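Report on one structure; see the data block that follows.
What you are looking at is a predicted structure, and each value in this text was computed from that prediction instead of being measured.
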Amino acid sequence: FTFQKFVMEKIQAALIETERLGERFLDVRQKAVALDRQRQENREALTAFRKQPSAQHKAWMRLRGGILVKFHMQQAKDVLQAEQDSIEHELTQIRAEEKRLIGLLSEKGAGPQVSEGTLAAMLKLEDRQRTKR
């Protein structure tokens with residue numbers, strides 16, 4: 001009986017660790033999606049600035065913190081490009097973290113064959129008591 005309890009505790013600990021890694025992976029993936037969306041918005045804004053004929057105008061910009069600031073066109077382009085570079089750097093780090101987490105999950109038997117949707121479903125599973133019919 002003691003050996004069975006020991007084995008069950010080991011299995012439970014492994015499942016808890018796998019769930020923790022899965023939750024971390026989903027958090028990282030969600031952050032990557034948000035940053036990718038921001039990168040696309042910045043790309044569109046930079047394209048619009050490049051098409052502007054005059055650099056004498058000023059433009060309102062919403063910075064990352066949600067603050068609205070009025071800039072000269074060239075300053076706005078520079079701020080956007082700096083933000084774009086920062087986002088690219090963050091995305092590179094996030095992708096490296098995703099790869100690391102996938103490797104750890106793979107070691108635990110929940111590797112690349114488990115899709116993000118399946119992983120999300122697994123994390124939402126609850127223990128339910130079976131009812132007799």
### Query
Between Thr2 and Phe6, is any pair of side-chain heavy atoms under 4.5 Å apart?
no
### Pairing residues for Glu17 by the side chain to side chain donor-acceptor pair (under 3.5 Å) criterion, not counting sequence neighbours
Arg20
### Task
Drop me the distance from Arg29's CZ to Ile102's CD1, to the nearest 0.5 angstrom.
6.0 Å
### Summary
Quick note, salt bridge (charged side-chain N to carboxylate O under 4.0 Å, His left out) partners involving residues 78-90, not counting sequence neighbours, are Arg39-Glu88, Arg64-Glu90
#### Entry: Nearest-0.5 Å distance, CD of residue Glu19 to CZ of residue Arg24
15.5 Å
### Query
Can you find a heavy atom in the side chain of Gln40 that is under 4.5 Å from one in the side chain of Asp36?
no
### Query
Are the side chains of Glu98 and Phe25 in touch, meaning some heavy atoms are under 4.5 Å apart?
yes
### Query
What heavy-atom pair brings Leu46 and Lys77 nearest, and what distance separates the two atoms?
CD2-O, 3.8 Å
### Message
Is there a side-chain contact between Glu107 and Leu104 in this structure, where contact means two heavy atoms from C-beta onward sitting under 4.5 Å apart?
### Response
yes
Which atom pairs, one a donor and one an acceptor, fall under 3.5 Å between side chains of residues 8-16 and the rest of the protein, sequence neighbours left out?
none

### Query
When rounded to the nearest 0.5 angstrom, what distance separates CG in Leu35 from CD1 in Ile94?
4.5 Å
### Query
Can you list the residues that meet the side chain to side chain contact (heavy atoms under 4.5 Å, CB included) rule with Leu68, with sequence neighbours excluded?
Trp60, Arg62
### Spacing of CZ belonging to Arg37 relative to CD1 belonging to Ile87, to within rounding of 0.5 Å
12.0 Å
### Query
What residues form a side chain to side chain contact (heavy atoms under 4.5 Å, CB included) with Ala45, not counting sequence neighbours?
Leu80
### Task
Check whether any side-chain heavy atom of Met73 sits under 4.5 Å from a side-chain heavy atom of Lys58, and report yes or no.
no
### Query
For Thr47, which residues count as a side chain to side chain contact (heavy atoms under 4.5 Å, CB included) partner, sequence neighbours excluded?
Arg50, Lys51
### Task
Please report the closest heavy-atom contact between Ala76 and Phe49, naming both atoms and the distance.
CB-CZ, 3.5 Å
### Message
Distance check, rounded to the nearest 0.5 Å: Ser106 atom OG versus Leu21 atom CG?
### Response
11.5 Å
### Task
Have a look at Glu97 and tell me which of Arg95, Arg100, Lys99 forms a side chain to side chain donor-acceptor pair (under 3.5 Å) with it.
Arg100
